[in-house]
Protein chains: 2
Amino acid sequence: MNATTPSAGGRTPAATVDGVVTRSAGREIPEATVARLPVYLRALHAMLERGISTCSSEELAVAAGVNSAKLRKDLSYLGSYGTRGVGYDVDYLRYQIAREIGVTQDWPVIIVGIGNLGHALANYSGFRSRGFRVVALLDADPALSEKVVAGLPVRPFAELDAIVAEQSVAIGVIATPAEAAQSVADEMVGAGITSILNFAPSVIAVPEGVDVRKVDLSIELQILAYHEQRKTPSVSEPEQGASA
Amino acid sequence: MNATTPSAGGRTPAATVDGVVTRSAGREIPEATVARLPVYLRALHAMLERGISTCSSEELAVAAGVNSAKLRKDLSYLGSYGTRGVGYDVDYLRYQIAREIGVTQDWPVIIVGIGNLGHALANYSGFRSRGFRVVALLDADPALSEKVVAGLPVRPFAELDAIVAEQSVAIGVIATPAEAAQSVADEMVGAGITSILNFAPSVIAVPEGVDVRKVDLSIELQILAYHEQRKTPSVSEPEQGASA
DNA sequence: TAGATTGTTAATCGATTAACAATC
DNA sequence: TAGATTGTTAATCGATTAACAATC
């Protein structure tokens, strides 16, 4: 039980991911499952577009790239939305997952750092259809403050507080250089943002109650390199490869 | 669009990573550890830049955002590179991790799909210093085939085979729309590429022996949204937040 | 020696998977 | 009823963590 006054800069309870937080139902969905729900959602969308109205756990599992036991186990945390002997109604399951994730309505999002990557993110068309709406672009560089990117004016970083308050922004995206990331995160948290997607290649520290997810291009590549190195034996180190 | 015959789920789990593949040493490093090694590497780099030549597991753990028990456990898979009572030599440990990951030399990488995102990736300066070198940019759109992006000419997709063979490319990055991803992946595999970093929002199927990692912006945001939804109770759904 | 910190053990926790009873 | 497929159980596997003996 927490009587959180849902107010500005609201440092939500603690634990966040753990328990503690008031949950609508007592359902405790494992992190690994949470991370896969969006994948199922996307697969269901694709099925709907292809006019498929019913599917089995096996079919959905294949479309999502997992095995069907895992899929059924994952869905079981949400409830019983299938029919034994028949399968799942695609549109119904899609709605239930969207509701569970919380993307039945759009979340307002801001992007800070409008360099090459910020530019690409601002133009990414997938946000809108996936439950997000980019409401503002911010950059510390005054030279950018005139430009319009993806239909939105680039605004000075100083306007952060006002924008967050005005638009009730809870999610912020950091696309700045590594050096700026921590201070941008601090400002975001100060303004009331409680979820951050960090594209800058640095670890940022945030108070409890704030969630951070990190996307790091070179880390992903390095993980691939590790396995690649072990695939092609022989030859010194890299520089080898696909002698087809 | 990819009603693909499921030859394999995404990611290519076990098989590739497990046994089968010839490994230089018998060391079996857990996936979770492999995914963290690049983070340690980055933290060590940052320390070196700040002139720090020695660190304890506690200090490195803090810099990497993990706890020190996990860090020491992770490092123990590589060997014993620390000194009890003293700590780690930053430069020595950095080298050992880089060697383990396989980034003591540069891996040639190609990027397919030079839209907004491909553009941003091509310009990402972090690749070079992290063990990768972008050797070619490809796009199916002939209109782009004149342009130069990040100092490299955009080449027609048809040149894929030649480029991969010529430059011994083992790693490819897909930055195309979702619809094109599967066929691009097929062509990459055909050309001899065995590791793919996929930015397109779709699950791609690849044969065994090929590794795929996926970076999906809206999936990351949806995971944040899920937790965000549970943070601020009250109020309908989204659109809530920092009502100052 | 005394203090510090690693590398490792063992207990715990969480995630995956196969198998199958429930049931449409 | 017979066939199909879910939802759940239980076994297994892998990852995390605290604690501490080894040792600098």
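Each chain gets a letter, A, B and so on, in the order its sequence line appears, and its residues count up from 1. Source: prediction; values computed, not measured.
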Nearest heavy-atom neighbours spanning A:Gln229 and B:Gly102: NE2-CA, 3.2 Å
Where A:Phe132 and B:Ser218 come nearest, the two heavy atoms and their spacing: CE1-O, 4.1 Å
Close approaches to DNA chain C from residues 39-59 of chain B, in residue order (heavy atom, under 4.0 Å): B:Ser56, B:Ser57
Secondary-structure string, 5' to 3', Watson-Crick or G-U under 3.5 Å, | for another-strand partners, for DNA chain C: ..||||||||||||||||||||||
Pairwise 5' ranking along DNA chain C for A:Val86 and A:Thr33, keeping only the more 5' one: A:Thr33
Strand contacts (DNA chain D) in residues 68-75 of chain B, 4.0 angstrom heavy-atom criterion: B:Ala69, B:Lys70, B:Arg72, B:Lys73
With A:Arg72 via side chain to side chain contact (heavy atoms under 4.5 Å, CB included) - residues at least two apart: A:Ser57, A:Ser68, A:Tyr88
Partner set under side chain to side chain contact (heavy atoms under 4.5 Å, CB included) for B:Arg128, not counting sequence neighbours: B:Asp106, B:Arg133
For chain A, the stretch of DNA chain C it reaches, first to last nucleotide, under 4.0 Å of its heavy atoms: C:dA15 to C:dC24
Donor-acceptor pair between A:Gln182 and A:Ser202 side chains, under 3.5 angstrom: no
Sequence-distant partners of A:Thr33, side chain to side chain contact (heavy atoms under 4.5 Å, CB included), two or more places apart: A:Ile29, A:Pro30, A:Arg36, A:Leu37, A:Asp74, A:Tyr77
Qualifying salt bridge (Lys or Arg N to Asp or Glu O under 4.0 Å) pairs with a residue from residues 50-60 of chain B, counting only residues at least two apart or across chains: none
Listed partners of A:Asp91 passing salt bridge (Lys or Arg N to Asp or Glu O under 4.0 Å), at least two apart: A:Arg94
Contact list for residues 178-189 of chain A, test salt bridge (Lys or Arg N to Asp or Glu O under 4.0 Å), sequence neighbours left out: none
Any residue meeting side chain to side chain contact (heavy atoms under 4.5 Å, CB included) with A:Val112, in chain and number order, not counting sequence neighbours: A:Ile110, A:Leu138, A:Phe157, A:Thr176, A:Val184, A:Met188
Under the ring-ring contact (aromatic ring centres under 6.0 Å, His included) test, residues paired with A:Tyr92 that sit two or more places apart: A:Tyr81
Name of the residue among B:Val212, B:Val210, B:Ile204 meeting side chain to side chain contact (heavy atoms under 4.5 Å, CB included) with B:Val189: B:Val210
